[in-house]
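Mind looking over this structure? Questions follow.
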Amino acid sequence: QVQLVESGGGLVQAGGSLRLSCAASGRTFSSYTMGWFRQAPGKEREFVAVISWSGRNTYYADSVKGRFTSSRDNAKNTVYLQMNSLKPEDTAVYYCAAKPTMTGYYYTGSKEYNYWGQGTQVTVSS
């Protein structure tokens, strides 16, 4: 069992940056693949980014590629999502999710993840 707590959301102007953090409980964080998802009002939850257990592999949705970067610090049980050049269409609740696997990292479906945080709101004004 792992508990996830996101932070770092807020209100930012278009073109600005935010860094989200996701702190995990438990001693096995380093064995989890971590994903980021977002959900805008009236829309389905969508994949944003995934990072492998080691941090060496990442994959991003086309809509954020080149603007968002995920990283992790296993010593701190924390995964990050650096968001640059934010656009109004990035407005959503952002969630981190954990999948207990050290095999592969190309997990883009929300149903593939076992644990979820409560989400943090990101609002980008135009």
Side-chain angles (χ1 to χ4, degrees):
Q1 186 81 14
V2 63
Q3 293 183 324
L4 306 173
V5 179
E6 300 98 335
S7 61
L11 174 64
V12 64
Q13 288 188 332
S17 298
L18 284 175
R19 188 176 82 154
L20 305 184
S21 299
C22 173
S25 63
R27 295 178 293 177
T28 58
F29 174 75
S30 61
S31 65
Y32 285 75
T33 292
M34 299 298 295
W36 287 97
F37 290 79
R38 66 187 182 186
Q39 188 166 19
K43 295 188 177 181
E44 293 188 353
R45 191 170 297 189
E46 66 173 358
F47 167 78
V48 174
V50 58
I51 185 167
S52 63
W53 67 273
S54 65
R56 287 194 291 267
N57 301 104
T58 54
Y59 180 76
Y60 301 93
D62 287 344
S63 58
V64 307
K65 200 171 295 182
R67 301 188 297 122
F68 290 12
T69 302
S70 185
S71 61
R72 65 191 295 164
D73 185 339
N74 286 342
K76 295 182 178 180
N77 279 15
T78 302
V79 63
Y80 305 98
L81 185 68
Q82 178 66 44
M83 306 186 296
N84 298 329
S85 302
L86 283 161
K87 305 175 181 179
E89 51 263 44
D90 294 319
T91 295
V93 177
Y94 283 72
Y95 300 90
C96 66
K99 179 178 177 64
T101 183
M102 298 174 73
T103 303
Y105 64 97
Y106 190 74
Y107 301 104
T108 61
S110 60
K111 294 182 179 180
E112 298 181 278
Y113 291 81
N114 302 74
Y115 306 104
W116 291 83
Q118 83 289 349
T120 186
Q121 176 71 46
V122 172
T123 303
V124 184
S125 62
S126 57

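No experiment lies behind these values; they were computed from the predicted model shown.
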Hydrophobic clusters here meaning ILVMFWY residues chained together by side-chain heavy-atom distances under 4.5 Å, can you tell me if Y60 and Y105 are in one? no
Pair K65, D62 - check salt bridge (charged side-chain N to carboxylate O under 4.0 Å, His left out), show working. CA-CA 5 Å; K65 200 171 295 182; D62 287 344; 3.0 Å; yes
From S31 OG over to K99 NZ, what is the distance, rounded to the nearest 0.5 angstrom?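 The distance works out to 12.0 Å.
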Strictly by modelled atom types, are S17 and N84 linked by a side-chain donor-acceptor pair under 3.5 Å? yes
Would you mind reporting whether Y107 and T101 have side-chain heavy atoms less than 4.5 Å apart?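 Side chain of T101 against side chain of Y107, heavy atoms only: contact under 4.5 Å found.
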How many angstroms lie between CZ in R45 and NZ in K111, if you round to the nearest 0.5 Å? 12.0 Å
If every non-hydrogen atom of G9 is compared with every non-hydrogen atom of L20, which pair is closest and at what distance? N-CD2, 3.6 Å
Donor-acceptor contact below 3.5 Å, side chain T120 vs main chain S7: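 A pair under 3.5 Å: no.
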So which atom in T33 and which in G104 form the shortest heavy-atom distance, rounded to 0.1 Å? OG1-O, 3.8 Å
Using 0.5 Å steps for rounding, measure from the CZ atom of F29 to the CG atom of N74. 5.5 Å
Do F47 and Y59 come within less than 4.5 Å of each other through their side chains, counting heavy atoms only? yes
Shortest non-hydrogen contact from T58 to S70?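 Answer, listing the atom of T58 first, then S70: CG2-O, 3.8 Å.
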Side-chain donor-acceptor contact under 3.5 Å, T123 with Q121: yes
Atom CZ in R38, atom CG in D90: separation rounded to 0.5 Å? 5.0 Å
Where the side chain of S30 meets the backbone of T28, is there a donor-acceptor pair that is under 3.5 Å apart?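 Not confirmed, S30 side chain does not pair with T28 backbone.
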Min side-chain heavy-atom separation W36-V79 under 4.5 Å: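 The answer is yes, as the side chains (C-beta and beyond) meet within the 4.5 Å cut-off.
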Y80 six-ring centre to R19 NZ/CZ under 6.0 Å and within 45° of normal: yes
More than 12 heavy atoms of other groups within 6.0 Å of Q82 CD: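 Atom CD in Q82 is crowded, with more than 12 foreign heavy atoms closer than 6.0 Å.
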Between Q3 (side chain only) and A24 (backbone N and O only), is there a donor and an acceptor less than 3.5 Å apart?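 Not at all, since once roles are kept as given, no pair shorter than 3.5 Å links the two residues.
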Are W116 and V122 in one and the same hydrophobic cluster, where Ile, Leu, Val, Met, Phe, Trp and Tyr link if side-chain heavy atoms are under 4.5 Å apart? no
Do the side chains of V93 and F37 join up, straight or via other hydrophobic residues, at under 4.5 Å, putting them in one cluster? yes
Could you state whether I51 and L81 fall into the same hydrophobic cluster, counting links through intermediate Ile, Leu, Val, Met, Phe, Trp or Tyr residues with side-chain heavy atoms under 4.5 angstrom apart? yes
With no hydrogens and no angle check, is any side-chain donor or acceptor of N77 less than 3.5 Å from a backbone partner on G26?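 Yes.
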Within the structure provided, determine whether V50 and Y113 are in side-chain contact (heavy-atom separation under 4.5 Å). yes
Interatomic spacing from CE in M34 to OG in S71 - rounded to 0.5 Å: 11.5 Å
What's the separation between atom CG in L18 and atom CE in M83, rounded to the nearest 0.5 Å?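 One gets 4.5 Å once the value is rounded to the nearest 0.5 Å.
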Taking side chain as C-beta onward, heavy atoms only, is V5 less than 4.5 Å from Q118? yes
Are the side chains of E46 and Q39 in contact, using a 4.5 Å heavy-atom criterion? no
Where does the angle between the aromatic ring planes of Y94 and F68 fall among parallel (under 30°), tilted (30 to 60°) and perpendicular (over 60°)?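 Taking F68 first and then Y94, their aromatic rings sit tilted (interplane angle of 30° to 60°).
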